[in-house]
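Numbered from 1 within each chain, the chains take letters A, B, ... in sequence-line order.
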Amino acid sequence: MTDATNPAGAAPAPKHPSSLLAADVRTKRRNAAEARFKAYGLAAVGIGLIFLVALLFAIIRNGTPAFTQTFLTIPVELPEAKLDKNGNRDPADLSKVTTFGYAPLIEVAVARALEENGIDSPFEKQKDLRNLVSASAPAQLRDYVLQHPDDIGKTIEFRMLASSRVDGYLKGRVTRDSLARDKNLDAEHLDLVDQLQAAGLIKKQFNWAFIFGADASESRPEQAGIGVAMIGSFFMMLVVLALSLPIGVAASIYLEEFAPKNRWTDLIEVNISNLAAVPSIVFGILGLAVFIQFMHFPQSAPLVGGLVLTLMTLPTIIISTRASLKAVPPSIRDAALGVGASKMQAVFHHVLPLAMPGILTGTIIGLAQALGETAPLLLIGMVGFIASNAPDGIASGFLAPNSAMPAQIYEWAKRADPAYYERAWGGIIILLLFLMTMNIIAIILRRRFERRW
Amino acid sequence: MSASLIFLIVVALAAVGFVLGRGRAMASAGGDIRNLHSLPSYYAFNVALSALVPALILLVVWLIAQPALIENRVQSMIPQDRYADRGELSLIMSDVRRVADGLDLAVERDALTREEASSIRTEFTDVRSRLADIGVALGSDVDRTTLTAAQRYRALNATGNAIRNALVILAALAGLGLSLWKTNHEFRARNSVEKVVMALLIGAASLAILTTVGIVLSLIFNTVEFFKLYPAMDFFFGTTWSPSFGGGSELGILPLFWGTFYISLIALAVAVPIGLFAAVYLSEYASPYVRGFAKPLLEVLAGIPTIVYGLFALLTVGPLLVSVFGEQGGLGWMQGGTAVMTAGLVMGIMLIPFVSSLSDDIINSVPQSMRDGSLGLGATKSETIRQVVLPAALPGIVGAVLLAASRAIGETMIVVLGAGAAARLSLNPFDAMTTVTAKIVSQLTGDADFASPEALVAFALGMTLFVITLALNVFALWIVRTYREQYE
Amino acid sequence: MYDSPNSEAKIGQKAIKISANKVQVYYGDTHAIKDVDVQIEDKTVTAFIGPSGCGKSTFLRCLNRMNDTIDICRVEGEILLDGEDIYDKRVDPVQLRAKVGMVFQKPNPFPKSIYDNIAYGPRIHGLARSKADLDDIVEKSLRRGAIWNEVKDRLHAPGTGLSGGQQQRLCIARAIATEPEVLLMDEPCSALDPIATGQVEELIDELRENFSVVIVTHSMQQAARVSQKTAFFHLGNLVEYGMTGQIFTNPNDPRTESYITGRIG
Amino acid sequence: MYDSPNSEAKIGQKAIKISANKVQVYYGDTHAIKDVDVQIEDKTVTAFIGPSGCGKSTFLRCLNRMNDTIDICRVEGEILLDGEDIYDKRVDPVQLRAKVGMVFQKPNPFPKSIYDNIAYGPRIHGLARSKADLDDIVEKSLRRGAIWNEVKDRLHAPGTGLSGGQQQRLCIARAIATEPEVLLMDEPCSALDPIATGQVEELIDELRENFSVVIVTHSMQQAARVSQKTAFFHLGNLVEYGMTGQIFTNPNDPRTESYITGRIG
Amino acid sequence: AAARDQVQVAGSSTVLPYASIVAEAFGENFDFPTPVVESGGSSAGLKRFCEGVGENTIDIANASRQIREKEIKACADNGVSDIIEVRIGYDGIVFASQLNGPEFTAFEPSDWFKALAAKVVVDGKVVDNPNMTWADVNPDLPAQEIITFIPGTKHGTREVFEEKVLKQGCEDTGAMQGFLDSGMDEDAAEHACMAVRTDGKSVDIDGDYTETLARIDSNANGVGVFGLAFYENNTDKLKVATMGGVAPSTETIASGEYPVSRPLFFYVKKAHIGVIPGLKEFAEFFVSDDMAGPDGPLSEYGLVSDPELAETQAVVADENTMGSSM
Ligand SMILES: Nc1ncnc2c1ncn2[C@@H]1O[C@H](COP(=O)(O)OP(=O)(O)OP(=O)(O)O)[C@@H](O)[C@H]1O
Ligand SMILES: Nc1ncnc2c1ncn2[C@@H]1O[C@H](COP(=O)(O)OP(=O)(O)OP(=O)(O)O)[C@@H](O)[C@H]1O
Ligand SMILES: [Mg+2]
Ligand SMILES: [Mg+2]
């Protein structure tokens, strides 16, 4: 036994080469394996990043046009005879004039603008000019008049949206060829647009309304914005964050640190990982049944959306939190207990901070998932044409009907007008920016908590 | 006083309790915290919690119970002949509530005086227009019963609120007083606070059970309904999935399960190796700088809406695969762009961060001494990682993979756009197939008769999927239990 | 180099601090501690000796219920601290561990600063009235742990960046910072040089004035130097327990003798 | 109780195995090893002694580049193994560590079975041709690590469920299973009882026949018993290096003398 | 709970665009808040509609088909007995292909049956569909591989497609008779007429028309099924084919010349009228000439205006429930 020449000494390869500088065959092989392994790792990260870049490239390329919009700025006359027959500026009377009453004013204004700039209209009927302007223009004008009744009888410089086809033309999406069989707009319209643009009446401008505005109906993509849906998402995420993080962490702590290891806790554990595999739409079914039908929460409310998404996010946070709690070495707990800390103190003072990176990762991923989820919202009424006005307070932010960004994007992607397609991608850009802003704190915190021992 | 004001008052009382509790504890210890059983903050929290918890529980119970009770009382005022069933009654009641709320608002805005609000008559006042003036829209004119009911409602509510306010504040005060009285230097404040915290923890954990119960309950009735209309044997063992509107649908779940399994398998085959290797690279090889950037960037992959992935599958990956594996590529395996492979690959990309980020955190928390032990024996870094670090991190990694698998099972958009909608039992990964989840969504959001098996099958699918994943999870738990390696 | 046992003369009849009766410990199916009866006196240093793996640490961990944290570990029998059963349902292990401190065999500093490592115990037990108080306690503990000089300039550096011996002393300092009534020390000097060992032994001697100390050691000399009573464990049994002098000079059991003279391991 | 140094007579002039020149080690800004020159001979046991925190472990870890794993650690100077600079770019630390094995100060068994703990090294180095071969190696290593008897019935139980001393011996057995040319042992006997210590010392003696062993110890007696050469470190400096007998009986440096006689720490 | 003050609509995503246009205009012109219009499918919409009466249920369900007997019963069981049925117009279903693709400009139902049927009758025997190209089906069509994108089984359009195209074609080609002759009973034969081949020539689309468009975009030989409104918005990418010699347009569909179309409905819960502010006004506004008339924005968008709109307006004005008026 004390003999140094042992069976292992007769191993296949010469065990130790004479020089450290030259690797022996086996070491070469192992080093090659090492290099391969590292290369796989690098490749894996690379693949992930390449896909990310490819996706981001597609998103940005398709989405950036949504951030500019074509506007038409022309003088509009507000004849008292049409808008306020009684002449007393009574709001109730003013609001009796519908948008249908305002539409001709716009047609007239466009025709006059053409005239004043010396552009010949190729159209017989004034009505054909309407298609240059967004269908939202009468409503905008009406809103303006209701707010400024004193301007009735005057002529005001009014900026309105051009119609989506005109906008598409300036962005290169619509061409004369492609209009051949379009019944909304003709090539003659485009000639007008060219001249109006030369006259400086039509301009492409940065589109704040897209970032802050509300959804619009199918027929006026040029008006649609994601802002209100963003507020919806914001309030939902508030609910999700405020509930799922504490509840998730609390549940994990209980299961990992305190729960007696018995069938009951096994049941809970299996249950939680099973909940992760429940399709999100099933959470929608649950939300509809529990929150709306049973608890009588309002429909289409971000609060309910947030609650449903919380239930959906919890398993993600619990699973990741438990995994990182498990990874904290027991000697740390012993050390704390040994100086007379209670189990609760040991967990909250020592284990939890050490598990923080994993918890935050779970939160990041869980929230990303929650932020991008549409299916469960379908059943609680947050998908469709919903967000028409921004909520006017915190309570209505939670309770008033609203949509969410992914639902909005999903809706847009479905809509027929191709102008909605670019808006869907633009919406995705905003969603991603929102996501990154949301994550940045978590990422910074996570970096702070990371340590090896 | 509104409920939120009461809430604030209770919170304020708790805050006062906090201070008093602390003070009293310190006083009983002669100003020296060393004489206390627990830290002063525990005494403070104990008093605060004693003031807060019972009062809040009372408040919540009251808030739930009072409307129900008042509703009952007011309902009895509405003549039987006004409604045919409970639904209509509930509509009348919502009108009553709306009027009552409107009156409240009117009083608040000084549009009506308090007396007016409780005495106006429909005969003399057009309540609807009075309320419309202050922005309360009513669906119809207010009739006499509704108005009196609303006034009664207001009166009851006012009394109820007054009693509630008194009781809640009393409860808070009682809790405060009692716990203050109990506070002395020997009182085990920490233990009692920890008990409350423990109760919270247990409550949080039980939420999972509640959710499960909720899911089962919300699926089970319709599932039973489905099996009344459609034979269970055909559902579980049928190999054809072809719903049709005119009846005569074949709703066999097997092709859907096969599709779910196949697509998830491919997705995991992409995500697990890439994710794991990425995690290993980030935690073991990459510089902190690279890691600090690459990790959050990879996480963006999890945040890209799935519709983007779906379009990516449909427009980019599918055609690419066809050009390689389709007729042009000379292999002829692939008919169209939508295939299990397409969806699986793209889903795999989406799942990379699920595996990579979580595993990275877990790998990072394996103690350095484990690595040292292995490196000291002359192991290469990769050997160390493969044989020491990864096994030690296994439970966490399994968790991450489970999460990814769960997500793969639950994904719809990528499947719909990437794998097609055809339910098929085939071994060829280049065939179009579909998954259980995709079909749940499509049957649920379709145009079929909602009482027909074609629509109800969604619930049965959900339920079956739930049971099967449960079984898989039991299996996974068992695996982890068996192979867990605990370090110190 | 060191002088022979010298302290036993000082001991009269002391009060019993901890009394263990028929203690059995199992790890799963392994029976690690078999039927151990032992009375640990107040204001006394008791040494546990015995070959590696005989159950010293296990028994030590029973005395402040640190075994509770090991899932598969099961304790039977009765252990009384000041006459009260510490395994009683009503006993709060936290309070118990505040009274019965412990230094672990493997140094396990918190991954926090040195200062926080020491200050943690006093903080949670409310031993300091003010920041200055706490600074005081930290300094005093580090001094008593014979490590003050080495760390006084880096109190806010992480405790895990210390050398092995420094970590061990840090853990000792951490344990005494909370002023426990009984201190359990599992090989506190294993990684220490003779000087540091001497200082720790001095500390133990000093602690004995007021408290009870139980120390596990592999060094007979150390046992002889610091302890008044010695217990010899072998294969999970308490073979012999008595006055240190008597155990080392005139053991009753042949196994004790074999061990002390270096024949069994 | 122990006899005095007895082994130095056996040593003639041995080949230099490791030669360190002007080695500096920094942890961030802390200068932990200052200008150390030392020649470690082949087929010799070299002891590193010195007060806790003086840099013994740090220097030891330089010899097989284990310091590479500590981010903030920086090594300067030259260390030659068989005349080749181990910090050369072309040197593969893996190959180096296969030649220069290490036992760490804190026992760190892998969270695997006892068998796998030992078999790990031979497996990665391809030292066993068959399962039987491997079984052989495992048994032999455990025997040499003086732990075979305690674990032979539970080879497939986890290594982390062992007692402190058992873990330490497991780590020793693990290190020798790969048959390194140089074995660095950081306080290998700190948690061992005298008998086990004796067995490990026997092992070291046996290893010396063919290999070079460097051992860090706090026990002067142990250093005297097992080593032929001794290096004394103090505050990061190598104060004195020479034949063990000479260092212990007739040190050149007053600091060495103070340390050995127990005056500085 | 605070009382709900906006109208809540849910249901078919085919009706959604029209409903949203109306809702938007309604919000702009009335003092009531803009109604909420959710999508989710006719089935889910009607299901929620029938969940009961009360504030936490919806007021209007949109549907791309008529409500079924069983659904009415389920509704009644939950207390929703008074339902006003409102037909808003027709949805045309068109067949279109890539603008620059092969000349798919004229189809007959029989072409589609022969191209898509799972089984066809050849020489009196029922065999698997052997046709691989359109030219195999009809020599007038381009000799291109058959590849079609048809609505998945979740879509109501599929039902219309099966009834009005496949079954029609089945009868036209005499295959129906062939099936019956081969020993099938009436039901089985009908089923066989509408069974679609599963060898990949026909691709079910469970998504929406955007998806069909994307698929056609990347497949020059593909022919897809679209809604008229969708097609009209995408004339720059698609060219439409005639069916039975008639080109689809709002006029030909309204007159019934173009064979493939389906009516669109919404259902109003009468019990909610007078309770939910603006409900009746919204319903009336929806079917008003301003909106749903032949020159209204809905028709402009692609809805085929109902020739009997006046009757519908009367139904809404009088709040005629289904039992009473039909
Ligand atoms: N990871 C580290 N980071 C920072 N400083 C360190 C680190 N490791 C050791 N040091 C410091 O370097 C010095 C030398 O430490 P080393 O571990 O070499 O001491 P040692 O001689 O082995 O002591 P001991 O006998 O206590 O093990 C000590 O002051 C120590 O605090
Ligand atoms: N967590 C555990 N799981 C299973 N067995 C254990 C565990 N801890 C210790 N043992 C076993 O119990 C017996 C006693 O261990 P203990 O740690 O008490 O020994 P010890 O006397 O402290 O030895 P040492 O001097 O080596 O530290 C040993 O055989 C050991 O292998
Ligand atoms: Mg021990
Ligand atoms: Mg050391």
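Heavy-atom distances place no part of B:Ala432 under 4.5 Å from chain E, backbone and side chain included. Heavy-atom distances place the side chain of B:Asn222, and not its backbone, under 4.5 Å from chain E. The contact between B:Ser442 and chain E is made by backbone and side chain atoms together, counting heavy-atom distances below 4.5 Å. Contact annotation for E:Ser13: neither backbone nor side-chain heavy atoms come within less than 4.5 Å of a heavy atom of chain B. If you measure heavy-atom distances from E:Ala74 to chain B, the contacts under 4.5 Å come from the side chain alone.
One finds no salt bridge joining E:Arg158 and E:Glu163 here, because no Lys/Arg side-chain nitrogen approaches an Asp/Glu carboxylate oxygen to under 4.0 Å. With respect to the salt-bridge test (charged N to carboxylate O, under 4.0 angstrom), the residues B:Asp447 and E:Lys154 do not qualify.
Of the listed residues (E:Arg68, E:Lys201, E:Arg215, E:His191), the one with the most heavy-atom contacts under 4.5 Å to chain B is E:Arg215. Top candidate by heavy-atom pairs under 4.5 Å with chain E, chosen from B:Gly420, B:Ala421, B:Pro67, B:Gly318, is B:Ala421. For the set B:Asp449, B:Leu315, B:Leu314, the entry with the most heavy-atom pairs within less than 4.5 Å of chain E is B:Asp449. Comparing E:Glu211, E:Arg65, E:Lys280 by heavy-atom pairs within less than 4.5 Å of chain B, the highest count is held by E:Arg65. Ranked by heavy-atom pairs under 4.5 Å with chain B, the first of E:Gly156, E:Ser39, E:Ala195 is E:Gly156.
For E:Thr133, the side-chain hydrogen bond (donor to acceptor under 3.5 Å, both in side chains) partners at least two apart in sequence or on another chain are E:Asp136.
A donor-acceptor pair under 3.5 Å is formed between the side chain of E:Ser43 and the backbone N or O of B:Ala448. E:Ser42 contributes a side-chain N or O that, together with a main-chain N or O of E:Ser64, makes up a donor-acceptor pair within less than 3.5 Å.
Judged by distance alone, the side chains of B:Glu454 and B:Ser249 do bring a donor and an acceptor atom under 3.5 Å apart. A donor and an acceptor atom, one from each side chain of E:Ser261 and E:Lys164, are nowhere located under 3.5 Å apart.
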